[in-house]
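Before any comments, here is the structure.
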Amino acid sequence: MTNLRIRNMEMNDLEDVLEVETASFTNPWPKEIFYQELVDNQYGHYFVAEVEEQIIGYVGLWIVLDDAQITNIAILPKYRGYSYGEKLFAYACQQAQSRGVRRLSLEVRASNTVAQRMYRKFGLVPGGIRKKYYTDNHEDAIVMWVNLQ
């Protein structure tokens with residue numbers, strides 16, 4: 001595994017982040033949403049993962065008081081299977097904890113068993129189902145959460 005560097009997302013990262021986003025999701029966020037998250041959302045914290053100075057992934061986190069939610073996490077397809085996603089997710093959890101977060105949650109597609117397995121490694125457990133949550137195919141989302149403290 002090559003050296004992985006994780007850092008705060010910056011405005012000039014948006015094109016590379018969009019590349020990861022469109023390669024990862026059937027209903028990707030447009031550039032405007034990432035821009036708003038970086039500029040206008042006081043609760044948003046976004047980080048990029050780099051290998052050899054190329055952005056290969058990113059994670060978004062909303063922190064409100066002592067509660068955090070992962071908004072999205074993605075790794076470029078050709079870099080999957082090398083634990084980069086785990087390292088990025090661990091970093092997001094550490095960032096949340098360092099800001100006093102007690103509980104972390106996220107939604108994951110019911111069909112995305114690979115991601116669910118990774119989240120379970122971090123202690124996340126299913127807490128509910130959001131019926132027909134995803135607009136592209138009306139798939140259910142499983143809500144998973146963990147106490148960080």
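Throughout, numbering of the chain's residues begins at 1 and tracks the sequence.
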CD on E139 to CG on N112, rounded to 0.5 Å: 8.0 Å
Cluster check L38, V64: I/L/V/M/F/W/Y, side chain < 4.5 angstrom: no
Audit row: M11, Y35, side chain to side chain contact (heavy atoms under 4.5 Å, CB included) steps and yes/no: CA-CA 7 Å; M11 206 60 74; Y35 179 86; 3.4 Å; yes
Short side-chain to backbone donor-acceptor contact, Q97 and L148, under 3.5 Å: yes
Cluster check V114, V20: I/L/V/M/F/W/Y, side chain < 4.5 angstrom: no
Any donor-acceptor N/O pair, Q116 side chain to R109 backbone, under 3.5 Å: yes
Residue pair E37 / N41, side-chain donor-acceptor N/O under 3.5 Å: yes
Geometric class of the Y119/F89 ring pair [parallel <30°, tilted 30-60°, perpendicular >60°]: tilted
Connected via hydrophobic side-chain network under 4.5 Å: V143 and L124: no
Side chain to side chain contact (heavy atoms under 4.5 Å, CB included) between D140 and Y133, worked out: CA-CA 5 Å; D140 294 346; Y133 181 78; over 6 Å; no
Close side-chain approach of W145 to V125, heavy-atom, < 4.5 Å: yes
Within 6.0 angstrom of R99 CZ, more than 12 heavy atoms from elsewhere: yes
Option from N3, L76, I56 for which side chain to side chain contact (heavy atoms under 4.5 Å, CB included) with V51 holds: I56
Shared hydrophobic cluster for I63 and F47 (ILVMFWY, side-chain gaps under 4.5 Å): yes
Sidechain-backbone polar pair: D13 side chain, E10 backbone, donor-acceptor under 3.5 Å: yes
Cluster check V108, I129: I/L/V/M/F/W/Y, side chain < 4.5 angstrom: no
Within-4.5 Å side-chain heavy-atom neighbours: L4 and Y79: no
Derivation and outcome, side chain to side chain contact (heavy atoms under 4.5 Å, CB included), residues Q95 and H45: CA-CA 9 Å; Q95 290 297 310; H45 304 271; over 6 Å; no
Whether over 12 other heavy atoms sit under 6.0 Å from W62 CH2: no
Atom pair CE/CD1 of M118 and I73 - distance to nearest 0.5 Å: 4.5 Å
Side chains of N12 and L14 in contact at under 4.5 Å (non-hydrogen atoms): no
Donor-acceptor side-chain pairing of T135 and N27 below 3.5 angstrom: yes
CD-CZ distance between E32 and F34, expressed to the nearest 0.5 angstrom: 11.0 Å
Distance (rounded to the nearest 0.5 Å) between L61 CG and I70 CD1: 5.0 Å
Exercise: identify the closest heavy-atom pair between A68 and V101: CB-CG1, 3.6 Å
Shortest non-hydrogen contact from P126 toward R120: CG-NH2, 3.6 Å
V146, N147, D66 screened by side chain to side chain contact (heavy atoms under 4.5 Å, CB included) with R103, the one that passes: N147
Non-hydrogen side-chain atoms of D67 and Y43 separated by less than 4.5 Å: no
Salt-bridge criterion met for K31 and E15 (N-O under 4.0 Å): yes
Interatomic spacing from OH in Y91 to CD1 in I6 - rounded to 0.5 Å: 7.0 Å
Where S24 and A74 come nearest, the two heavy atoms and their spacing: OG-CB, 3.5 Å
Check: E53 main-chain N/O paired with R5 side-chain donor or acceptor under 3.5 Å: no
Side chain to side chain, I55 and R7, heavy atoms closer than 4.5 Å: yes
Audit row: W29, T71, side chain to side chain contact (heavy atoms under 4.5 Å, CB included) steps and yes/no: CA-CA 11 Å; W29 278 12; T71 57; 4.1 Å; yes
Heavy-atom closest pair, residues Y134 and A141: CE1-CB, 3.6 Å
Heavy-atom closest pair, residues A49 and L88: CB-CD1, 4.1 Å
Heavy-atom donor-acceptor pair, E21 side chain to P30 backbone, under 3.5 Å: no
Considering all heavy atoms, the nearest L104-C93 contact: CD2-SG, 3.7 Å
